[in-house]
Amino acid sequence: MIENITDPQDLQAKYDSVIEKDSKYVMQNYGRQPLVLSKGKGAVVQDICGKEYIDCVAGIAVNNVGHCHPIVVRAIKAQAEELLHVSNLYYTEIQAELAETLVSVTGMERVFFCNSGSEAVEAAMKLARVASGKSAFVAAEHSFHGRTIGALSVTHKSMYRDPFMPPVSSETAFVPYSDADAIRKAISQNTAAVILEPIQGEGGVKIPNPEYLKEVREICDETGTFLIFDEVQTGFGRTGTWFCKEQFGVEPDIMSMAKAIGGGFPMGAIAAREGLSFGRGQHASTFGGGPLACAAALASIEAIREEGLLKRSKENGAYFIGKLRNMDREDVVEVRGKGLMIGVEIKYPCSKFVDFARERGVLVNCTSDSVLRLVPPLVITKEQIDKVVDVLEQA
Ligand SMILES: *Cc1c(COP(=O)(O)O)cnc(C)c1O
């Protein structure tokens, strides 16, 4: 698969120069893989040496429609010729159109646009606070909601959280995931909202028991507490439906979206149910809902429809999970997932697996130390899945 596009020595020099510049000029906050990526198409990415990889990371559940989907690329190019940015002091046709489309795919009433997952969680928290007049949150153990100080206040992992304490919301109660009684006990007079991922991503692809979210919904209704679903990772077909909430038949009051929303272009949004909305001046974002992002998001939604990606996510996910469960390995604790959001829990830390797979042309990510997280583009083919399973079986 290696194409000798230029002299190997030149390529090595180019690679070294990128690594050198990064180590000199970029804050060293990422633990990066030794790979310089330069191209992508569908479920495959290419490094600067021309070596190809089946991408089961997909920008961490971002490239749902595949890398450089032609519908998305075309829309971004066309929009870039017309208008790159204008303030939210003015209307644009494309933002209004995307809002209508998002309301239709989420089943909510209104949306607010921002630029990332953390910002979407911030917006959801602010809306819950301003609409309830209360300030505390209930969140789950092993939750991940983002890195801004507000989103960190409801994020559980101590490595992410502890160095930045005190939190903005000092009153977050963390309770075991998939335990509705624990939520009932944790809700106080001052709880604005319960915030949950309908499947925990960063926490190791944890799927709650089927009744959990329904019970939480009932508890929230009884106590007058808002329910926020963080669908940043689970959205846009990842689990086989537009949003994961559909898998459990439960509607939140507010939901956050980002990652896959723009088909690779940065964007975030929240959607809220009937009657729940920011008032004038209560929240804003300079770039939120900008023309380029809206064009990318509309195109990405069109691509999901055109390519039947909800169905493919469901079918290929079931195929993938079936094959992973049939692997002849003693060290796999569990294979779990919905659609193409899959976790393979193994008996020891999985970073060596990541290296082994990369060397054989497969990109995977390790989360929660011992869970291989597989979130490939939804356009991944059965042949590509077969190759991934082969490599993981040998690993
Ligand atoms: C990735 C993620 C976030 C944070 O998104 P950013 O765009 O990195 O700020 C929030 N919530 C969940 C569930 C995520 O997976």
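Values in this document were obtained by computation on a predicted structure and should not be read as measured data. Note that ligands are numbered from 1 as they come in the structure, with each ligand's atoms numbered from 1 the same way. Because only heavy atoms are used, hydrogens play no part in the values below, and waters and symmetry mates are left out as well, while side chains stay in.
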Charged N to carboxylate O under 4.0 angstrom, K311 versus E315?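 Here K311 pairs with E315 in a salt bridge, since their nearest N and O are under 4.0 Å apart.
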Under 6.0 Å between the ring centres of [X] and [Y]?
X: F243; Y: F229; result: no
X: Y212; Y: Y177; result: yes
X: H283; Y: F112; result: yes

With rounding to the nearest 0.5 Å, note down the distance linking CZ in R273 to CZ in F226.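 Those atoms lie 5.5 Å apart.
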For ligand 1, list the protein residues that place a heavy atom within a distance below 4.0 Å of one of its atoms, sorted by chain and number.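 Around ligand 1, where the cutoff is 4.0 Å for heavy atoms, the contacting residues are S116, G117, S118, F144, H145, G146, E197, D230, V232, Q233, K259.
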Among residues at least two apart in sequence or on other chains, which ones pass side-chain contact (heavy atoms from CB on, under 4.5 Å) with E82?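 If we apply the side-chain contact (heavy atoms from CB on, under 4.5 Å) test to E82, skipping adjacent residues, the hits are Q79.
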